[in-house]
Amino acid sequence: MTASWGTLGHLWNKNVAIIFIRPQRYTKEFVDESETFTLSFFDDKHKELSYLGTKSGKDEDKITNVNFHIEMVDGNPTFKEAKEVFICKKLYVGKLEKEHFLLPEIYERNYPLDDLHYVYIGEITDVYTNK
């Protein structure tokens with residue numbers, strides 16, 4: 001899944017990544033089934049990442065279609081083409097709630113289908129750099 005909504009920071013005395021996944025995304029099933037998730041960062045792969053973000057792995061082998069190669073790192077899937085990979089241990093999962101939006105226009109603009117994101121907070125346990 002190509003994601004653009006997320007952040008890195010420090011929370012609960014841990015270095016964390018916070019990601020947001022809509023309920024209908026195929027990737028959500030995989031993240032929910034595992035104790036960990038990976039974040040893969042790329043250089044100069046805008047076309048491929050755009051493709052991955054607009055197609056579902058349920059419908060096609062989109063990874064092969066962009067000529068990426070899955071690689072396991074510490075038992076976690078990532079891509080050989082990634083410049084950097086964060087391994088994250090899940091610490092928290094929750095769903096955004098409509099009634100907690102303080103500016104209604106944010107909700108209205110981003111959630112016309114009422115498909116609020118799930119929030120995943122993961123401790124960054126390892127970082128790998130591909131040189």
Which pairs, with at least one residue in residues 104-128 and sequence neighbours excluded, count as a salt bridge (charged side-chain N to carboxylate O under 4.0 Å, His left out)? K14-E123, R22-D115
Which residue in the set V16, I124, I18 passes side chain to side chain contact (heavy atoms under 4.5 Å, CB included) when paired with L8? I124
For A17 and C88, the nearest pair of non-hydrogen atoms, with its separation, is CB-SG, 4.0 Å
Residues which pass side chain to side chain contact (heavy atoms under 4.5 Å, CB included) with H69, listed by chain and number, not counting sequence neighbours: N67, K80, E81
For E29, what residues pass the salt bridge (charged side-chain N to carboxylate O under 4.0 Å, His left out) criterion, not counting sequence neighbours? K58
How about NZ on K95, more than 12 heavy atoms from neighbouring residues, nucleotides or ligands closer than 6.0 Å, or not? yes
Between F37 and F86, does the ring centroid distance fall short of 6.0 Å? no
With F68, which residues qualify under ring pair (Phe, Tyr, Trp, His ring centres under 6.0 Å), at least two apart? F42, F79
Should the pair Y26 and F30 be assigned to parallel (<30°), tilted (30 to 60°) or perpendicular (>60°) ring geometry? perpendicular
Salt bridge (charged side-chain N to carboxylate O under 4.0 Å, His left out) pairs, two or more places apart, involving residues 30-41: K28-D32
Only counting residues at least two apart or in another chain, list the ones meeting side chain to side chain donor-acceptor pair (under 3.5 Å) with T125. none
Measure the shortest side-chain to side-chain distance between Y120 and I21 over non-hydrogen atoms and say whether it is less than 4.5 angstrom. yes
Counterpart residues, side chain to side chain donor-acceptor pair (under 3.5 Å), relative to N76 (two or more places apart): T36
Minimum-distance pair of heavy atoms, taken over all atoms of Y118 and P23: CE1-CB, 3.9 Å
What residues form a side chain to side chain contact (heavy atoms under 4.5 Å, CB included) with L96, not counting sequence neighbours? F101, Y111, L116, H117, V119
Verdict with reasoning, I70 to I63, per side chain to side chain contact (heavy atoms under 4.5 Å, CB included): CA-CA 8 Å; I70 295 176; I63 294 166; 3.9 Å; yes
I'd like to check W5 versus N110 (side-chain heavy atoms, cut-off strictly below 4.5 Å). Are they in contact? yes
Can you confirm whether the side chains of S40 and T78 place a donor and an acceptor under 3.5 Å from each other? yes
For residues 84-94, which residue pairs qualify under salt bridge (charged side-chain N to carboxylate O under 4.0 Å, His left out), counting only residues two or more places apart or in two chains? none
For the CD atom of E99 and the OH atom of Y107, what is their distance to the nearest 0.5 Å? 9.5 Å
Which hydrophobic side chains are connected to I87, either touching it within the sub-4.5 Å cutoff or through other members that do? V73, V85, Y128
